[in-house]
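What follows is a set of notes on a single structure, which appears directly below.
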Amino acid sequence: MIDSTHWLLTLSCADQPGIVLRVTGAIVAASGNITELQQFTSTESGRFFMRVQVQSGFDRSEFERVFAAIADDLAAQWVLDYVGRRRRTLVLASKAGHCLNDLLFRQRSGYLPISIPLIISNHPDLGDLATFYSIPFETHQVNPDTKAAVERHILDVVAEYDIELVVLARYMQVLSPELCAELSGRAINIHHSFLPGFKGANPYRQAHSRGVKLIGATAHFVTSDLDEGPIIEQNVRRVDHTMEVPQLMAMGQEQESRTLTEAVKLFAEHRVLLDGARTVIFR
Ligand SMILES: Nc1nc2c(c(=O)[nH]1)N[C@@H](CN(C=O)c1ccc(C(=O)N[C@@H](CCC(=O)O)C(=O)O)cc1)CN2
């Protein structure tokens, strides 16, 4: 249940003295009580990042009236939203169901503040899982002849449901540069390796051949450069020489599902801010 008296504000702008004073002053002027505040200045980009949670008696319209001028003066990018509002999320999947299953369970349990109006897949395999959670499921075969039409449909769905986030839950098709541009900053993929190692469709086979002692998973924003997008979350686990590729794949599933779920939660709570090719994460 959304607490309409509990708000969050995120902001990013070129760093300069006095930003925190001006932002908190506007919040107080709007009768707000700050319950959480995090900030960071990137020495690399020179940009300032801030996330504030505000409670009690906060007059949104008054705040926006006061803050809009400050934001213009700072040339800031900012977002104001309710704490806990469920973000409208489209999920793309293929045959592997472990990441989708975790997302649906965590969404149903309330751990993940998202709503999923639709799941789109290029295989029918996960239809029963979607039905179990009462979420509509569409299958669209993807091959060189159908890819453009399927991607147009994805964009139509994004517009129809006013989608805020697209999650690639082991969706094994490479999105076109055009679709990546449309979904820039609002599409998250789970890659089944500890990036930047072992990019591509078969990272566990690459890991086995290399003889690594740790395997992992990486959740990142989707860009047209395959597996190169800004990283949001990563996890690893120890493996050894006795493990063949099927065991590595099985052991990696837990890392993949928890890494993707945590990345989606961080995004849904407005705790992920982009700083060029990097991310700022306010946990
Ligand atoms: N534009 C992007 N699209 C996708 C990304 C990305 O980073 N940028 N990540 C992938 C997921 N992925 C690895 O994490 C991955 C998926 C698929 C492939 C691949 O080579 N697919 C083949 C088809 C394979 C098949 O049909 O089974 C292909 O698309 O030709 C590489 C990496 C999701 N999309």
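Owing to the predicted nature of the structure, the values given are computational and were not obtained by experimental measurement. When a ligand or atom number is given, it counts from 1 through the structure's own listing order.
Checked by atom type and distance alone, the side chain of Q234 pairs as donor or acceptor with a backbone atom of L195 at under 3.5 Å. Here the side chain of Q253 pairs no donor or acceptor atom with the backbone of A250 at under 3.5 angstrom.
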Does ligand 1 have any N/O atom under 3.5 Å from a protein N/O, and what are those pairs and their distances?
from, atom 1, to, atom 2, distance (Å)
ligand 1, 1 (N), L175, O, 3.0
ligand 1, 1 (N), T223, O, 3.0
ligand 1, 3 (N), L175, N, 3.0
ligand 1, 7 (O), D227, N, 2.9
ligand 1, 8 (N), T223, O, 2.9
ligand 1, 9 (N), N189, ND2, 3.3
ligand 1, 14 (O), N189, ND2, 3.2
ligand 1, 14 (O), H191, ND1, 2.6
ligand 1, 14 (O), D227, OD1, 3.3
ligand 1, 21 (N), M172, O, 3.4
ligand 1, 26 (O), Q173, NE2, 3.0
ligand 1, 29 (O), V174, N, 3.2
ligand 1, 34 (N), Q173, O, 2.8

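A 4.5 Å side-chain heavy-atom check between V222 and L183 finds every atom pair outside the cut-off. Using a 4.5 Å cut-off on side-chain heavy atoms (C-beta onward), R51 and E36 make contact.
Taking all atoms of both residues into account, the shortest heavy-atom contact from A263 to I232 is CB-CG2, 3.8 Å.
If you check the side chains of D240 and T242, you find a donor sitting under 3.5 Å from an acceptor.
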